[in-house]
**Q** 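A single structure is presented below for examination.
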Amino acid sequence: YRIYQRQRPPVHFGGALLYTALRTKLGVGSYRAASPTQLAILTARAEEALREGALGISMSLEYEPGISTAEVEAMMRVAQREHVPVFFHVRSSGIESPKTNLDALREVVSLARSTGAAAHIEHIISTGGTCSMAESLGLLQAARDEGLDITACAYPYPYWGTRLDSARFAPGWQKRFRIGYRDLQLAGSAERLT
């Protein structure tokens with residue numbers, strides 16, 4: 001907040017606690033779960049961040065595959081107590097088994113049901129609805145009809161962007177996303193990868 005305040009923006013602004021940043025500061029690797037002791041520390045730090053003005057908790061499960069369901073549930077319980085939403089980049093964006101984007105959405109719905117927390121699916125066009133948008137939206141609508149507080153948003157373009165060293169490009173990415181190197185373009189250029 002201090003960085004943005006110094007820039008004196010002409011609009012109101014706010015931000016969510018980035019859970020992956022908390023894990024990184026604590027030394028929890030991207031590919032392993034937090035220990036019970038680490039989870040207790042992470043929970044306390046999340047509570048503190050919300051008291052200091054964070055508008056919610058952001059979880060990037062696909063980028064940090066080690067985040068356990070227990071960690072997600074703990075953060076959703078914190079969010080529910082503090083009456084803020086949890087923003088999700090869900091665990092899987094692909095349509096190929098063993099874990100599909102529909103499985104990832106089901107995880108969020110199930111945890112929203114068991115914790116009572118509000119959940120928001122970020123840019124569903126590339127995280128929850130990839131290759132199965134009708135089914136994904138149907139799943140979220142059924143959850144809303146059940147009374148769960150679940151929302152989603154989409155950006156207005158048909159592609160996604162990320163770092164080449166992200167977990168999204170773990171082995172098997174071509175099959176998961178049904179794309180190849182020729183479909184990847186370096187940001188800010190017309191250069192395609194080979």
**Q** Quick one: closest heavy-atom pair of L55 and G14, and the distance?
**A** CD1-CA, 3.4 Å
**Q** Checking Q174 against Y181 for the side chain to side chain contact (heavy atoms under 4.5 Å, CB included) test, could you report, in this order, the C-alpha distance in whole Å, the side-chain angles of both residues, the deciding distance, and whether it holds?
**A** CA-CA 8 Å; Q174 294 99 327; Y181 288 105; 3.6 Å; yes
**Q** Measure the shortest side-chain to side-chain distance between H89 and H123 over non-hydrogen atoms and say whether it is less than 4.5 angstrom.
**A** yes
**Q** Indicate if L186 and W173 have the same hydrophobic cluster label, given that clusters are the connected sets of ILVMFWY residues with side-chain heavy-atom separations under 4.5 angstrom.
**A** yes
**Q** So, taking the atom named CD in E71 and the one named CE in M59, what distance separates them when rounded to the nearest 0.5 Å?
**A** 6.5 Å
**Q** Quick check: closest heavy atoms across A117 and M76, and the distance to 0.1 Å?
**A** CB-O, 3.3 Å
**Q** Answer yes or no: is there a side-chain heavy-atom contact under 4.5 Å between F88 and L111?
**A** no
**Q** Give a yes or no on whether Y4 atom OH has more than 12 heavy-atom contacts from other residues, nucleotides or ligands under 6.0 Å away.
**A** no
**Q** Quick one: does any side-chain atom of T24 pair with a main-chain N or O of T20 as donor and acceptor, under 3.5 Å?
**A** yes
**Q** State the CD-CZ distance between E146 and R113, to the nearest 0.5 angstrom.
**A** 4.0 Å
**Q** To the closest 0.5 Å, what do you measure between CD (Q80) and CD (E73)?
**A** 11.5 Å
**Q** Linking I/L/V/M/F/W/Y whenever any side-chain heavy atoms sit under 4.5 Å apart, do L18 and L42 land together?
**A** no
**Q** Taking the side chain as C-beta and beyond, is there a heavy-atom pair between R182 and R192 under 4.5 Å?
**A** no
**Q** Do V72 and Y19 have side-chain heavy atoms sitting under 4.5 Å apart?
**A** no
**Q** Answer with yes or no whether the hydrophobic clustering places V28 together with I41; edges join I, L, V, M, F, W, Y residues whose side-chain heavy atoms lie under 4.5 Å apart.
**A** yes
**Q** So how far is it from L102 CG to E107 CD, rounded to the nearest 0.5 Å?
**A** 13.0 Å
**Q** Of the non-hydrogen atoms in L39 and A74, which two are nearest, and what is the gap between them?
**A** CD1-CB, 3.9 Å
**Q** With a 4.5 Å cut-off on side-chain heavy atoms, are R81 and L50 touching?
**A** no
**Q** Has the side chain of S92 got a donor or acceptor atom that lies under 3.5 Å from a matching backbone atom of K99?
**A** yes
**Q** Checking side chain to side chain contact (heavy atoms under 4.5 Å, CB included) for the pair L26/R45: CA distance, chi angles, key distance, verdict?
**A** CA-CA 10 Å; L26 196 57; R45 289 185 179 167; 3.8 Å; yes
**Q** When rounded to the nearest 0.5 angstrom, what distance separates CG in D149 from NE2 in H120?
**A** 11.0 Å
**Q** Could you check if a side-chain atom of V86 sits within less than 4.5 angstrom of a side-chain atom of T115, using non-hydrogen atoms only?
**A** no
**Q** In the structure I gave you, are the side-chain heavy atoms of V108 and R91 within less than 4.5 Å of one another anywhere?
**A** no
**Q** What pair of heavy atoms forms the shortest contact from L22 to A46, and how long is it?
**A** CD1-N, 4.0 Å
**Q** Output yes when a side-chain donor or acceptor of R168 lies under 3.5 Å from a complementary backbone atom of Y63, and no otherwise.
**A** no
**Q** Ignoring hydrogens, what is the shortest heavy-atom contact between A54 and A16? Give both atom names and the distance.
**A** CB-C, 4.4 Å
**Q** If you compare all heavy atoms of Q38 against all heavy atoms of S35, which two are closest, and at what distance to 0.1 Å?
**A** OE1-N, 2.8 Å
**Q** Decide whether L140 and Y155 are clustered together by the hydrophobic rule: side chain heavy atoms of Ile, Leu, Val, Met, Phe, Trp, Tyr closer than 4.5 Å, transitively.
**A** yes
**Q** How about I124 and M133: do any of their side-chain heavy atoms sit closer than 4.5 Å?
**A** yes
**Q** Count I, L, V, M, F, W, Y as connected when their side-chain heavy atoms are under 4.5 Å apart, and connections chain through other members. Are V84 and F87 then in the same cluster?
**A** no
**Q** Hey, could you give me the CZ/OG1 distance between R144 and T151, rounded to the nearest 0.5 Å?
**A** 7.0 Å
